[in-house]
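Just so it is clear, the structure is predicted and the values come from calculations on it, not from any experiment.
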Amino acid sequence: MHRPLLELADVIRAATDRLLDRRPAWLSWLHLKVLTAILRCRTAALGGHADECSRCGHQAISYNSCRNRHCPRCQSKARDRWLEARRSELLPTRYSHVVFTLPHELAPLALQNKQVIYGLLFQCSAETLLKIAKDPRHLGAEIGFFSVLHTWNQKLQHHPHVHCVVASGGLSLDHTRWVRPKRENFFLPQPVLSKVFRGKFTDALKHTFAAGELQFHGQLKALAQPRLFQSLLRQLFRHHWVVYCKPPFGGPDQVLRYLGAYTHRVAISNHRLVSFHDDQVTFRFRDSAHHNKKRFLTLPADEFLRRFLLHVLPRGFVRIRHYGYLASRRRGELVPLSQQLLAAAAPVSTPARIPTSPQPVALWLCPICGGPMVLIERLTARQIALRSPPLTKVA
């Protein structure tokens, strides 16, 4: 994919000084760290390495990446490494996609308590899937799945939700056979998922409040009073909570491509940015209210950065998690068992081939002859500044 003409770093470079002069109350050291990392990413400030074509001898300098998980430049290699590690865990069966979304009334509270609320979102959505799957009325089995947190919608507004990719079927509770779903569409009933998720989350939120783990600032200070917080819980319980279940799709080959679209996505990619003129940023978005029609949205640069920084996660927060037989302490035993039981079961009409690892390729190719470029020397920022660089390659 070609390098976009406009990047997030360009907007940050133009608007950060003004943002720092105003220093809004919501701006934290973590926000500044993310902005700085994106600005320095793939520039001489982070150092780099000299590469040489193994065929014609052409040399070039590549600058290092910041590797910040919020940077739109740095996610492709991290995604590829993660997907490669998942290959051995995929099963020869179909997969389903389930999305659990928090109601908009909780968005302000979630922004002030990201660590707690996002943690509850992971916990309660996983407990909901595991509980209903174990119920003999629905599946009567132990399932395994990945969960990925996203906190944005297409307009960069705060919209916390988790994407769960679930293998169709699961291990019998005594681990002696593979239980296949009875229904062709998603094997767990969507209305039941919604009600159980709502009940689990509101109950967990009530206990979190009682334990004093929630913070209330600004317009939310009144919610620190137990009576008003109980009123919020009652309001939440009266609403329908959105749980979206997509029909099952493909097998291992398809699920790898599907996961790649969700696991390491950031709030906005550089390729969605259209223009930056007169302190106004225009970007593309899909309008879900009109059949995902592509539209354009223009925001002042300050508002654009404010929306982008809404989605900075707490330091050390894990945004991709594994549950059921894919949990880290169980997958070593239960994944091979699941693969063995599936292989012994009657064949189904879905793809059953586990994808093999692709052959390694060069990080980039020579622009002169197309030969593979190999690393010959690592360079510090000072070394890059002192030498007269040849033709550079930003990788």
Asker: Testing the basics here: between Ile268 and Pro72, what is the closest heavy-atom pair and its distance to 0.1 Å?
Answerer: O-CB, 3.8 Å
Asker: Assess whether atom CG of Asp21 is packed by more than 12 heavy atoms of other residues, nucleotides or ligands within 6.0 Å.
Answerer: yes
Asker: Parallel, tilted or perpendicular: which fits the ring planes of Trp178 and Tyr325, with parallel below 30° and perpendicular above 60°?
Answerer: perpendicular
Asker: If hydrophobic clusters are built from ILVMFWY residues whose side chains come within less than 4.5 Å, do Leu149 and Tyr244 share one?
Answerer: no
Asker: Indicate the atoms forming the closest heavy-atom contact of Cys164 with Phe145, along with that distance.
Answerer: CB-CD1, 4.3 Å
Asker: I'd like to know if the side chain of Gln339 and the backbone of Ser88 have a donor-acceptor N/O pair within less than 3.5 Å.
Answerer: yes
Asker: Look only at the side chain of Lys114 and the backbone of Val312, and say whether a donor-acceptor pair between them is shorter than 3.5 Å.
Answerer: yes
Asker: Can you tell whether the side chains of Arg238 and Glu105 come within less than 4.0 Å, N to carboxylate O?
Answerer: no
Asker: Is there side-chain contact between Leu46 and Cys66, with at least one heavy-atom pair below 4.5 Å?
Answerer: yes
Asker: Any chance you could lay out the side-chain contact (heavy atoms from CB on, under 4.5 Å) test for Leu129 and Ile143, step after step, and finish with the verdict?
Answerer: CA-CA 8 Å; Leu129 285 172; Ile143 60 175; 4.1 Å; yes
Asker: Can you list the steps and then say if Leu214 with Leu205 is a side-chain contact (heavy atoms from CB on, under 4.5 Å)?
Answerer: CA-CA 9 Å; Leu214 296 176; Leu205 194 61; 4.2 Å; yes
Asker: Over 60° means perpendicular and under 30° means parallel, so classify the ring planes of His322 and Phe146, tilted if in between.
Answerer: perpendicular
Asker: Give a yes or no on whether the backbone of Thr380 and the side-chain of Gln383 come within a donor-acceptor separation of less than 3.5 Å.
Answerer: yes
Asker: Identify whether Leu27 and Leu299 are in the same connected component of the hydrophobic contact network (ILVMFWY, side-chain heavy atoms under 4.5 Å).
Answerer: yes
Asker: Taking only Lys NZ, Arg NE, NH1 and NH2, and the carboxylate oxygens of Asp or Glu, determine whether Lys77 and Asp80 approach each other closer than 4.0 Å.
Answerer: no
Asker: Could you tell me whether the side chain of Ser65 and the main chain of Cys74 form a donor-acceptor pair under 3.5 Å?
Answerer: no
Asker: Provide the closest heavy-atom pair for Leu326 versus Gly144 in the form atom of the first, atom of the second, distance.
Answerer: CD1-C, 3.9 Å
Asker: Decide yes or no on side-chain contact (heavy atoms from CB on, under 4.5 Å) for Val98 and Leu188, but give the supporting numbers first.
Answerer: CA-CA 10 Å; Val98 190; Leu188 301 179; over 6 Å; no
Asker: Any side-chain heavy-atom pair from Trp29 and Arg315 closer than 4.5 angstrom?
Answerer: yes
Asker: Nearest 0.5 Å, what's the CD-CD1 distance between Glu127 and Ile132?
Answerer: 11.5 Å
Asker: Knowing that exactly one of His158, His159, Gln157, Arg265 qualifies, which makes a side-chain contact (heavy atoms from CB on, under 4.5 Å) with Trp152?
Answerer: Arg265
Asker: To the nearest 0.5 Å, what is the distance between CG on Asp203 and OG1 on Thr208?
Answerer: 9.0 Å
Asker: CG/Leu102 to CZ/Phe201 distance, rounded to the nearest 0.5 angstrom?
Answerer: 4.5 Å
Asker: Does Gln154 reach the main-chain N or O of Arg286 with its side chain, forming a donor-acceptor pair under 3.5 Å?
Answerer: yes
Asker: May I ask you to say whether Arg81 pairs ionically with Glu84, meaning some side-chain N is under 4.0 Å from a carboxylate O?
Answerer: no
Asker: Report yes or no: does Gln215 contribute a side-chain atom to a donor-acceptor pair with the main-chain N or O of Gln112 at less than 3.5 Å?
Answerer: no
Asker: Just wondering, more than 12 heavy atoms not from Arg22 lying within 6.0 Å of its CZ?
Answerer: yes
Asker: Above 12 or not: heavy atoms from other molecules or residues under 6.0 Å from CZ of Arg13?
Answerer: yes
Asker: With rounding to the nearest 0.5 Å, note down the distance linking CD1 in Ile61 to CD in Glu377.
Answerer: 8.5 Å
Asker: Which heavy atom of Leu6 sits nearest a heavy atom of Val274, and at what distance?
Answerer: CD2-C, 4.1 Å
Asker: Looking at side-chain heavy atoms only, is the closest gap between Phe308 and Ile38 below 4.5 Å?
Answerer: yes
Asker: I'd like to know if Leu32 and Phe317 are part of one continuous hydrophobic network [Ile/Leu/Val/Met/Phe/Trp/Tyr, side-chain heavy atoms within less than 4.5 Å].
Answerer: no
Asker: When you measure from the side chain of Trp241 to the backbone N and O of Leu236, does any donor-acceptor pair fall under 3.5 Å?
Answerer: yes
Asker: Would you give the length of the straight line joining atom CD1 of Ile368 to atom CE of Met373, rounded to the nearest 0.5 angstrom?
Answerer: 9.0 Å
Asker: Using the rule given for side-chain contact (heavy atoms from CB on, under 4.5 Å), can you reason through Leu8 versus Ile12, listing the C-alpha separation, both sets of side-chain angles and the distance that settles it, and then say yes or no?
Answerer: CA-CA 6 Å; Leu8 180 59; Ile12 294 173; 3.9 Å; yes
Asker: Spell out, as yes or no, whether a donor-acceptor pair under 3.5 Å connects the side chain of Arg319 to the backbone of Thr263.
Answerer: yes
Asker: Between Trp26 and His31, which heavy-atom pair has the shortest distance, and what is it?
Answerer: O-CE1, 3.2 Å
Asker: Using modelled atom types and a 3.5 Å cut-off, is there a donor and acceptor pairing between side-chain atoms of Ser194 and backbone atoms of Gln190?
Answerer: no
Asker: Strictly distance-based, threshold 3.5 Å: is any side-chain N or O of Ser54 a donor or acceptor partner for the main-chain N or O of Pro372?
Answerer: yes
Asker: Within a reach of under 6.0 Å around NZ of Lys134, are more than 12 heavy atoms found that belong to other residues, nucleotides or ligands?
Answerer: no
Asker: Under a plain distance cut-off of 3.5 Å, with no hydrogens placed, do His311 and His70 share a side-chain donor-acceptor pair?
Answerer: no
Asker: Take atom CZ in Arg295; do more than 12 heavy atoms of anything else shown fall under 6.0 Å from it?
Answerer: yes
Asker: Treating Ile, Leu, Val, Met, Phe, Trp and Tyr as nodes and any side-chain heavy-atom pair under 4.5 angstrom as an edge, say whether Leu30 and Leu305 lie in one connected cluster.
Answerer: yes
Asker: Above 12 or not: heavy atoms from other molecules or residues under 6.0 Å from NZ of Lys195?
Answerer: no
Asker: Any side-chain heavy-atom pair from His161 and Val242 closer than 4.5 angstrom?
Answerer: no
Asker: To the nearest 0.5 angstrom, please state how far the CG atom of Leu139 sits from the OG atom of Ser172.
Answerer: 10.5 Å
Asker: Contact between His163 and Val165 at the side-chain level, heavy atoms closer than 4.5 Å - yes or no?
Answerer: no
Asker: Answer yes if Val162 and Leu111 sit in the same cluster of Ile, Leu, Val, Met, Phe, Trp and Tyr residues linked by side chain heavy atoms under 4.5 Å apart, and no otherwise.
Answerer: no
Asker: Can you find a heavy atom in the side chain of Pro160 that is under 4.5 Å from one in the side chain of Ile117?
Answerer: no
Asker: Less than 4.5 Å apart, any side-chain heavy atom of Val281 and any of Glu303?
Answerer: no
Asker: Counting only heavy atoms not in Arg18, do more than 12 sit closer than 6.0 Å to its CZ atom?
Answerer: yes
Asker: Please determine if Arg330 and Glu333 form a salt bridge, counting it only when a charged side-chain N lies under 4.0 Å from a carboxylate O.
Answerer: no
Asker: Any non-hydrogen side-chain atom of Ile384 less than 4.5 Å from a side-chain atom of Tyr63?
Answerer: yes
Asker: If you look at every heavy atom in Leu156 and Leu310, which pair is closest and at what distance?
Answerer: O-CD1, 4.2 Å
